[in-house]
Structure formats: structure tokens, C-alpha cells
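When a residue number appears, it is its place in the shown sequence, counting from 1. Since the model is a prediction, treat every value here as computed from it, not as a measurement.
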Amino acid sequence: MRRMGTANVLIAGMRGLGVEIAKNVILSGVKSVTVQDEGLAEWMDFSSQFFLLASHLGQNRALSSLSQLSALNPHVHVNAHTGPLKETLLQQFQVVVLTDSSLDDQQRFGTFCHSNGIKLIVADTKGLCGQLFCDFGEEFEVLDADGETPASAMIDHITKADPGVVTCFEQRHGFVDGSTVSLSEVCGMTKLNSYGPVDIKVLGPDSFSICDTSSFSEYEKGGVATEVKKSKILQFKPLDEALVDPELLVMTDYGKMTKHQTLHLAFQALHGFVKRVGRLPLPRSQSDAELLVAMVTELNKVSQLDQLDEGVVQSLSFTACGDLAPVNAFIGGLAAQEVMKACTGKFTPLQQWLYFDALECLPEDNGGEGEQLTESSRYDGQTAVFGSGFQERLGEQKYFLVGAGAIGCELLKNFALIGLGAGEGGHITVTDMDSIERSNLNRQFLFRSQDIGRQKSEVAAQAVRVMNPNMNITAHQNHLDPDSEQVYGHTFFMGLDGVAAALDNVEARVYLDGRCVQHQRPMLEGGTLGSKGHSLVVVPHLTESYGPAKTGSQNAIPLCTLKNFPHRIEHTLQWARDQFEGLYKQAAEHVNLYFRDSAGFLERTLGRGEAEALEVLECVWGGVGGQRPQGWEDCVGWARRQWETLYNNDIAQLLHCFPSDQLTSSGLPFWSGAKRCPHPLTFDPSNTTHMDYVVAAANLYGQIYGIVGTRDCSAIRSILERVHIPAFTPKSTVKIHLTDKEMEEERESGNLDTGRLDELQKKLSSPPVNSAALQMHPIDFEKDDDNNFHIDYIVAASNLRAENYDIPTADRHKSKLIAGRIIPAIATTTAAVAGLMCVELYKLVQGHRKISSYRSGYINLAVQYCVLSEPLGPQRFTVSDRSAHTPTGMELTRLYSVCLLIATVTSAFRPKSVPPYKQRVSECP
């Protein structure tokens, strides 16, 4: 981000593609962006230029867009240049982006930029096709090739050989051939700890070879292998040389290899066509298409492609006049990411050509007639490709958008530009229950700082009405779940033409997918994770659906690891989050539920099993009994005793059960591999982390009881001098579980202190008479407020536990990212994914019924990985020699319920009881 903050970027051309790139680059946070355009706004621009208003017709495009672009990020200086491009202008910038430019200008400025160390990006779209080119000079240093967190693995054994072989505890260490790793914490073969980075050769998923270890000491135990990232130097060819080098073509759809090789020539021929005729080929003009095919054939005499796809050239000619927002969004997202790479050296840039086409959006029967453009409609750039009949169908669509966050904003922008639901009878319903936060502004471009605190759906709906005053859109603030089915019920879904999911969690996607399957409505779905993204289209009876949620247990941290055997900072941070939830939220919620209905609460709690009941009732008694704090000093005393329990007593008890020299039944060291041997900490009021924990814990504890605290460390230290810390002696009767299975078996065994459970039940049988005054204040974790002690607590609690186990600590920023479960999100990926989703939307509205017409998209802009592939069809099975879709368990259960309802209503069959779920599924015919 610091390197980006020093970069000056020039973006030439302010039609749809140029403004898309400018928007993404400005949101990313460069130092300055200058937008250049000599042209005047015309109706043709409105199909994709989202910052132009009707009042801007006839005015300079760069000047007209300036105020809106400047408002995106107040930290970026945005300027407009309305004169022609000249070398003297280009010299002022580190990165130059050319859009809507001639091939002559591309070659001229390409040569200049290459020889003057200026990074050049050329981006272009014509109808349903797009082109991207990068030249970052003779030597460009990539500091981080992929942006991934360095892989690490716990070591199980190292052989004394040439080369030495390292075996890891993990089933998959995550390294690849040629990786460089550093070794640390190795016992016995200690020379490896100071050996430095070593290149490895992967031997298997859990093993790899390193350097010659034959002269080293014998390996004893322990060790961590951590990937070391290295920079690399890339060489780029100038544009005129790259034009004739087919090896520099990066594929996006491996089923279209011949098409994209042909497009490389067709884009060059298109420039020649404009130079010769003075215009782009007219829509559906057969004569223009024949001329373009002839020009491509002539170019191929030099390139000598084995196959020339004349159909692609013809389709490009038929649609080249078009200007489509979804295609600009996709290419613009990719191009803006290349700008960020050029500014920072982070991620691997495109080398050097990329082509994209969505020609399968055209009618499957290849029908359609050309139309003479009237240039009086904001949709002229789209009508040039699909015709006015299709535009009317788009306007009549009724769509449901779930989510108005990053992808939701981009989708709404595209909906407004293409006119989805903007005609007679059309409508968009958008729902999002969240309000706007400051951290949203770097990627959710419909929002501004003055909108913070307002509802996302309302602000987004207002913003797109400005883009397209014809938009018919209603904003809701409902959470989509079974509770909202009275709003989004059968009638609502049956009135829709389709659904778009812009959600941030799998559970909500699965639920929405189920509703779409139930009502046989198509669904567009997309998601991002930093530079990675995907898009999916679900077509009833044609493609597979999103499907049931995949279990996340394989990525979940085992409870026994969190409780007793952490070995990564992620484990200690998750433990700290669990501590926060238990101490400051769940405890207060339990007490309030008890006050609200003591008898019912006790009955429900005891019905959850003795183990859980004992835990909950202890928590409630702590909030209503003698442990309740009476003032600030009590809160400080509680925090200090918590510190002693967590970081000294619990560790001492663990070491009492499993001493540092403990051996397993096999005679191997117990504390080895993934089990780090801990050590207790001794409280030191002069230690910053120790005091950070006490300050945060005491203040949070006070908050749930309505007690005002302080950050005054001197005052807190004076209180600590009076706090009594009880002596602790480890107990031999305590059992510590080694696995989650042992923990579960213990809970189910009933081997609990039932006497204590009975005692608590009696104590809580009669609630206090002043229960209203004793109500507590549960705390919801909030990562974005640096003054609420939440992140303070998490960082201190996690790092103290990491110190217990000799795990490298994490700074506040890293802790906040992990504990706050912050999903990395950037505008470039979001724009690209939304573009791909809307490309599929075209196909849905066209009514395509061939699965080969649709595409699922998978992208990773960090390494310019873009793969578009045909989606899978639905699973099928045979019933009575007839093919049918495979029903899910949910569908079977729903079918069974419907059958029961029908049978009951008609009195044909009245079951005495409804069998349990598993029986219902297994017995369903």
C-alpha cells in the first residue's frame, strides 16, 4: 500500500472500459490518477459509462466523470486531461493505460514507454470480446508471486543422509518443487536452525528432501519448516515485438484456444478496418464481415496459424460496434489489477496477451437481424449486439438480488447499465440487512463517507437510480432465512425471472439455492476471496445447483488443540475469540434468559444434558451470586485472577498431568511434533502485554455489569497491589483429553459432579427479587472500533497463550485480520466476478438451453489465472426406465411432507405419528 501511494497513473479513454479501470485504480489507493479523453459524451457511451448523466451529452467525457471519480477516494488526486496524448504527458507517470486507442498509437506509445521504463497496459473491448496486454519493461521485479501466506509444516523426522529427507506430521505440507524453506526449532540436528533458506524437492505429500545432513548431529525431535518467498525478475517484450509472438498468449478458456489465437489477429485486422473504412463494422453487416475475414486471412500468411476460426471473425465483425458493461467490468477488473501489480511488484503480472470472448451470448440459432442505430437510447451500445427485442426482454425481467455489499454494488451498477428490470413490468428487489461501515468504502463503490451508518440496500438503490432513472427497484433490509419466508414465499419466487446471490457465507447461499431449486428459478452466484473469485450459473433442469453445504470440519481446529495443544498463532487467536464469546457474551445472555424465565430456563438447560447444564449453571451463578462485582476494583481483581488461571494455573495443571519428559506408550516423547511443551507465565505489572490483558479484561468485565472502567495503568497497578491471588496446587484427579473423541465420550459418560449440579439447581430455583436491576449487557464482538477493548483483549490474550507455548506472536494488524475473520476483498476481483455473472445473465434472458452455452468462471488475479469452463449437468438417476434428477435429502423430506399434507386433507390416510427424519428419508419411495 505504501508503494501504491507513491504511484502516478494515466488512464487514456473515458468510455465504459476506461472509467471501469479508473474506478478500480482509484479505490485501490494510488497517489494520483489522470484521466485523458478528447471525446464528447454521446448516447452510445451510456450503455457502459456509469458516471455520465444525460446532462453530460456533448461534453468532454473526462471532465464529466471527474467529480464522481474524485469522490471515490479522497486520498487520491484525480485530474482530467482533455488534450491529445503526447510523449511529454506520458513521461509524468509510472504506469500508462491505453483504452479505446488505435494500433498505431499503441505501437508508438508502446515503444516510448518500453524505452523509458514506463509500465504500459493496453485494454480494449469490442462487443462481446476483450483484449488485454502488458509490458512492464526489460526487467520487472516481482516481490511476491502469489500473495499467499507462506506455507509451514510441523516436522516429524529428518534423516541423516545426502540429501536429508524431512517427514512432516501434516498429511499435506503445502510445498511444491523448487520451494525454499527455512527450518527452526529443530532439536538434535540443531545446525539446521541456522543453516538458512534451503531449496527442497518434494518427495510426497508429507515429505521432501533438503541439503546434505550426513555430517549433522542426529535428529531428536521438533522443528518447523516455513516457506521463504523469493522475488523474481521478469522480462517483457515491447508491443510491436509481442504482436508477432504467439507464445505470449495466455488462455482463459481452453475450449477456445483456436478462437483466441484467431482473435489476436482479428483485433489487429479490426484496427486496419477502421483505418481503411473510417468506422467499425456495422452490426450484422455481411459485407463488412467478409472484408474483416479477408484482412485476417492476409495477416495469417505471416502468423501461419494451423486453424483460423472464420466464425469468430464474423461474430466479432457483427458485434464490434457494441459496448457492453459486463465485458468492460471483467476486462476492467483485470486491467486495474495489472496497474496495481505495476505499481507495487506484488503478484505476478500478465505475460503478455489475454483475450476473452462471450460470443456464446448470441442467439443459439445464430438468428437476428442487424438494426440501424438511432443513437437516441442509453442502450445503443447493447442494442448493437443483441437488437431491440432483446432489450425489451431485459427491461421486463423481475430479479431478486440478495446482498448489496461489494459484489452486490457491482451487480446493481451492471443491472442499471444494461437496463435489467428498467422497462414496463420489470423490477429489481434488493435486500441486505447490513449498514455501511467505513471499511466498505474501498470496494463498495456506490457508497461514500457521508453514507456511513445508512442501510446498504437503500443507498445502493438510490445510486443506481441516478445512473439509470428508469430503474424500477425496491430496497429491503431483510435477512434471507426461513424466518423471512412470509415475505419471500411461494408467490414472491414464482413472480421472479431469476435470482442473483451476492452473499458472503455458504449457509445463506445454500438456503437461497434451495429456494431457487424448489421454485425452479435460475440463480447467478459469485464470490471473492482477495484476488480469487468464482462465478456460477444455475439453470433449472440444465446445470447442477449450488448444492448442499460442504462440511467445514476438515478445516475446523480440533477442540483439544485449542484447549491444550495449540501450535499455530491461528489456534491461540481462535482460543482468544472463544474466551471473549464465553466470558463477555454468552455468560451475560444466559443470566438475562434466567432472569426472564427462571423456571423455563432451568428446565431447558437441564434438558441439554448434564455436562452442558453444569457449565451453563456455573456461569449463571457467577453472574447472580456472590461473584458479581460491586465496583471497578472487583473487575480489576477478577481480571488479574483470570490471568493467573489461564496463563499459570492451567498450564501448571497440564504439565502435572503430562510432564515435559513424559513418554507415550510407544516410548516416544509425548511433547513432540504438533504438541509443543508449554511453560507457565509469571505476572509482571511492568510487562506491557500482561497489563494490556488486565486493562482490556477488566474493562470488558465491567461493561457487562454496567461498571465504568479506565485505561489509567497507574491506577490499575495500585489496585493490583491489593489483589489476593490464591495459591494453586495441581490435582492428580484432573483428566485432560487428548482428542475430541475422548472429550465427547467423557461428556456422554455421565461421569460428572452431579452433587454440584443439584446444588446449583437449588440455589437458582428462586431468582433474586431485584432481577430487573441485575440485568447484564452482553457484548457482541466488533473488530472495527479500536476504542472498545475488543481487539485489545484478543491480541493480549492470544499473544500470552502463544508465549506459553513458544509460538511466534502476531501484531495487532495480523491478529485483527485472523480473529476478526476479515475476508480480504478488493475492487478488481469484485468487478471481474460481477462482469462474468452478468455475461451469464445475458444467456438466461436469451433463453439458452444448451449447457455448452454457459460458463462457470474461476479466477485468481494474483497470478492472472482465468479459467472459464462449461458447468456440470445435474446428477441423474433412472426410475422406471425414465431419467430424472437426483433428489436431495431435503427434497425427499419436502416431498414426504407434501404427501402427508395431501393425504391428511383428503382423509385418505391419517398417520398416527410422523416417523423421525432418517426413517422418513430411508423409507421414501
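- Proximity of Phe318 to Leu362: side-chain heavy atoms (C-beta onward) are nowhere separated by under 4.5 Å.
- Here Lys398 does not pair with Asp497 in a salt bridge; the nearest charged N to carboxylate O distance is not below 4.0 Å.
- Checked by atom type and distance alone, the side chain of Ser484 pairs as donor or acceptor with a backbone atom of His479 at under 3.5 Å.
- Contact record, Cys866 with Leu334: SG-CD2, 3.9 Å, taken as the closest heavy-atom pair.
- Inter-residue side-chain proximity for Asp357 and Val312 is flagged as unmet; no heavy-atom pair is nearer than 4.5 Å.
- Contact between Thr828 and Ala336 at its shortest, heavy atoms only, is CG2-CB, 3.6 Å.
- Using modelled atom types, one side-chain atom of Thr319 and one backbone atom of Ser315 make a donor-acceptor pair closer than 3.5 Å.
- The side-chain contact (heavy atoms from CB on, under 4.5 Å) check on Glu581 picks up Arg577, Lys585, Gln586, Phe781, with sequence neighbours excluded.
- A donor-acceptor pair shorter than 3.5 Å can be found between the side chains of Thr125 and Asn328.
- Looking only at distances, a side-chain donor or acceptor of Asp513 sits under 3.5 Å from a matching main-chain atom of Tyr546.
- Between Glu410 and Phe445 the shortest side-chain heavy-atom distance falls below 4.5 Å.
- Between Arg15 and Asp323, no side-chain nitrogen of the basic residue sits less than 4.0 Å from a carboxylate oxygen of the acidic one, so the salt-bridge criterion is not met.
- The closest side-chain heavy-atom distance from Phe386 to Val845 is not below 4.5 Å.
- Remark: the Gln518 side chain and the His490 side chain contain no N/O donor-acceptor pair separated by less than 3.5 Å.
- Annotation: side-chain contact (heavy atoms from CB on, under 4.5 Å) contacts of Arg521 (sequence neighbours excluded): Met494, His519.
- Counting heavy atoms from C-beta on, the side chains of Thr429 and Thr431 never come closer than 4.5 Å.
- The SG atom of Cys409 sits 7.5 Å away from the NZ atom of Lys456 when rounded to the nearest 0.5 Å.
- Applying side-chain hydrogen bond (donor to acceptor under 3.5 Å, both in side chains) to Tyr355 and the options Gln131, Lys259, Gln261, His260 leaves one that passes, Gln131.
- Counting non-hydrogen atoms of neighbouring residues, nucleotides and ligands closer than 6.0 angstrom, the CZ atom of Phe493 exceeds 12 such neighbours.
- For Glu396 (side chain) and Gly423 (main-chain N/O), no donor-acceptor pair under 3.5 Å exists by modelled atom type.
- Rounded to the nearest 0.5 angstrom, Leu844 CG and Cys838 SG are separated by 10.5 Å.
- By the 4.5 Å heavy-atom criterion applied to side chains, Leu359 and Gln314 are not counted as neighbours.
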| query | side-chain contact (heavy atoms from CB on, under 4.5 Å) between Lys843 and Val839: does it pass, once the steps are laid out? | reply | CA-CA 7 Å; Lys843 303 168 188 178; Val839 164; 4.1 Å; yes

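- The distance from the CD atom of Gln337 to the CG atom of Asn860 is 9.0 Å, given to the nearest 0.5 Å.
- Leu72 approaches Leu27 most closely through the heavy-atom pair O-CD2, 3.9 Å.
- Glu20 places a side-chain heavy atom less than 4.5 Å from the side chain of Lys413.
- A donor-acceptor pair is defined here as one N or O able to donate and one able to accept, closer than 3.5 Å; such a pair exists between the side chain of Asn472 and the backbone of Gly426.
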| query | Are Leu496 and Tyr488 close enough, and set up right, to give a side-chain contact (heavy atoms from CB on, under 4.5 Å), and what steps lead you there? | reply | CA-CA 11 Å; Leu496 297 173; Tyr488 308 120; over 6 Å; no

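- Remark: Glu525 CD to Ser856 OG distance equals 10.0 Å, nearest 0.5 Å.
- Closest approach of Ala502 to Leu411, counting heavy atoms only: CB-CD1, 4.2 Å.
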| task | Decide yes or no on side-chain contact (heavy atoms from CB on, under 4.5 Å) for Val466 and Leu53, but give the supporting numbers first. | result | CA-CA 8 Å; Val466 173; Leu53 304 176; 3.9 Å; yes

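- Of the possible donor and acceptor atoms, none in the side chain of Ser317 sits under 3.5 Å from a partner among the backbone N and O of Val313.
- Looking only at distances, no side-chain donor or acceptor of Thr543 sits under 3.5 Å from a matching main-chain atom of Pro871.
- Using the six-membered ring where Trp is involved, His848 and Tyr854 have ring planes that are perpendicular, over 60° apart on the 30 and 60° scheme.
- Scanning all heavy atoms of the two residues, the minimum distance from Ile418 to Gln382 falls at O-NE2, 2.8 Å.
- Taking CD1 of Ile407 as the reference point, atom CG of Leu524 lies at 11.5 Å (rounded to 0.5 Å).
- For Arg465 (side chain) and Ile473 (main-chain N/O), a donor-acceptor pair under 3.5 Å exists by modelled atom type.
- Under a cut-off of 6.0 angstrom, the local environment of CD in Gln307 is sparse, with at most 12 non-hydrogen atoms contributed by other residues, nucleotides or ligands.
- The shortest side-chain heavy-atom distance between Glu360 and Glu870 does not fall under the 4.5 Å cut-off.
- Panel note: side chain Ser457, backbone His476; a donor-acceptor pair is recorded below 3.5 Å.
- Between atom CZ of residue Phe415 and atom CG of residue Leu841 there is a gap of 6.0 Å, rounded to the nearest 0.5 Å.
- The shortest heavy-atom contact between Leu401 and Gly403 is CG-O, 3.6 Å.
- A distance-only check finds no donor-acceptor pair linking the side chain of Asn24 to the backbone of Ile21 [under 3.5 Å].
- Shown here is Glu310, whose CD atom has no more than 12 heavy atoms of other residues, nucleotides or ligands within 6.0 Å.
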| query | Would Leu263 and Cys129 satisfy side-chain contact (heavy atoms from CB on, under 4.5 Å), going step by step from the backbone distance to the final call? | reply | CA-CA 8 Å; Leu263 278 176; Cys129 301; 4.0 Å; yes

